[in-house]
Structures are given as structure tokens and as C-alpha cells.
Amino acid sequence: KAGVTQTPRYLIKTRGQQVTLSCSPISGHRSVSWYQQTPGQGLQFLFEYFSETQRNKGNFPGRFSGRQFSNSRSEMNVSTLELGDSALYLCASTPGGSGTQYFGPGTRLLVL
Amino acid sequence: LAKTTQPISMDSYEGQEVNITCSHNNIATNDYITWYQQFPSQGPRFIIQGYKTKVTNEVASLFIPADRKSSTLSLPRVSLSDTAVYYCLVGTFNDYKLSFGAGTTVTVRA
């Protein structure tokens, strides 16, 4: 099976812009979760989607949002970008949400 | 959330056993302990998960004492390819109340 794929792999934006990141889970996996990884804060959970519904949410401001489509693909959006949003954004998929998480390679976002 | 603490770095040599201890004093009753390995420019890769006592798979062992306030990941006979960052995670994927450690950089030398 193909692994979790994320696009784009690298992205440069400027403050105030918005960005949309995409994640395609492993075939058959219905849960997709998103994480932010920075040198200062480490790995932090953003949100989790299952069957097109957000089931769990981390402690991030409303500028961070996401959605999941009927084919389980997911997108996350960050509006009004800030310098501190520069990070590696990871998505992970599981068959049902509580099993082993399979991570994608991440999208590295740089905000200038 | 449990506060999860692990050493920043560890050095080892090929063929040795590496033990990384993670502290999680206020772990909740329902929390599991999961370890991941991460290489540069890649996402974390699942290594092992446990709740109590000892868990072993083909790549590692996880030791969890009865009080569950700490856990130790054991990597037997490491090789150069085991050089990576190892993360300890405490929590459950039912409610996603997750606490990641800051990661331990393990460097294996020839």
C-alpha cells in the first residue's frame, strides 16, 4: 500500500497570507490527524478528522482549520499567517482513529 | 495532560544496547505510552506501544514499571542506521489528549 502523502512538501509564504496543505491517507484509513512540529514547541496535535467530521481538536487558535473529504483526503488551512506558524506540518492516518498512526513526510512551511 | 520528559541526546556505538527513559509523573489511567523514531525530512515512525509491564517487538522493548510514572525504550544492538530522534508520547488516541516528549537525539558511532 502507498503511504501517507502530503503536498506540497515545501512552501514559502509571507505574513498575512493564508495557506492550504493537503494530506492523502493510506487507502482504507478513515481517520486523519494533523500535527505541528517546531524546534521550540516540539510536536503538537492540531485536530483529527474521521468520516468528514472533526472529532478532536488541540489547543490552537481558530486561524487553523481543516476538513476531510468523502475519500478521506484532508486539508488544513491556516489563515492570516504569522512568523510563528513556520513549522513542519505532519498528517497521520489510522484505520479507525485509535490505532497505530502512520505519518506522512510533512509539509515544511516557512513564513517570511 | 501528562508532562513528558526525556533526555535531549544520547551517544552510543554500533552493537550496543541503547536505553532511553521517559518520565511522565502524572500519567492518566487511560494513557498509553508510545515511542516514535524520526529521521530528517521524514515523519515519525511508530516503534512500540505499551500500557504496563513489558512489551517487545522485532525492533525494540518497552519497560513500564508498576507505577507507570516512567518508561524505558530499549534498542538492542544498535547500528548506524538507528541514528535518529526518538519521541515518547503519552496519551490516548480516543480523545487525542496527547503529550509528546521533546525528543532524544540518538547518535550511533562506528
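Because only heavy atoms are used, hydrogens play no part in the values below, and waters and symmetry mates are left out as well, while side chains stay in. First the proteins, then the strands, lettered A, B, ... as listed; each starts at 1.
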Worksheet item: Would you say A:Tyr35 and A:Tyr49 are hydrophobically clustered, going by side-chain heavy atoms of ILVMFWY under 4.5 Å?
Response: no
Worksheet item: Are B:Met10 and B:Val59 connected in the hydrophobic side-chain network, where two residues link if heavy atoms are under 4.5 Å apart?
Response: yes
Discussion item. In the structure I gave you, are the side-chain heavy atoms of A:Leu43 and B:Tyr87 within less than 4.5 Å of one another anywhere?
Written reply: yes
Response to the item:
Distance col, row B:Phe93:CZ vs A:Ser33:OG, nearest 0.5 angstrom, shows 7.0 Å
Discussion item. Please determine whether residues B:Tyr32 and A:Phe103 belong to a single hydrophobic cluster, defined as Ile, Leu, Val, Met, Phe, Trp and Tyr linked transitively by side-chain heavy-atom distances below 4.5 Å.
Written reply: no
Discussion item. What part of A:Tyr102 gets within 4.5 angstrom of chain B, counting heavy atoms only: side chain, backbone, both, or neither?
Written reply: neither
Practice prompt. Can you see which heavy atom on B:Tyr96 is nearest to which on A:Gln101, and at what distance?
Written response: OH-NE2, 3.0 Å
Practice prompt. Side chain from CB out, backbone as N, CA, C, O: work out which of these in B:Tyr36 comes under 4.5 Å of a heavy atom of chain A, or both, or neither.
Written response: side chain
Worksheet item: With a cut-off of 6.0 Å (strictly less than), are more than 12 heavy atoms of other residues, nucleotides or ligands near CZ of A:Arg15?
Response: no
Item to complete: Measure the spacing between CG of B:Leu98 and CG of A:Asn56 and express it to the nearest 0.5 Å.
Response: 8.5 Å
Discussion item. Would you say NZ of A:Lys57 has more than 12 non-hydrogen atoms from neighbouring residues, nucleotides or ligands within 6.0 angstrom?
Written reply: yes
Worksheet entry | Atom CD1 of B:Ile8 with >12 non-hydrogen neighbours under 6.0 angstrom | no
Worksheet item: Checking heavy atoms, do the side chain of A:Arg108, its backbone, both or neither come under 4.5 Å from chain B?
Response: neither
Practice prompt. Check each atom of A:Gln6 against the heavy atoms of chain B and say whether the ones under 4.5 Å are side chain, backbone, both or neither.
Written response: neither
Worksheet item: How far apart are the closest heavy atoms of B:Gly43 and A:Leu90, and which atoms are they?
Response: CA-CD2, 3.7 Å
Practice prompt. State plainly whether one hydrophobic cluster holds both A:Val111 and A:Phe60, where clusters connect Ile, Leu, Val, Met, Phe, Trp and Tyr through side-chain heavy atoms under 4.5 angstrom apart.
Written response: yes
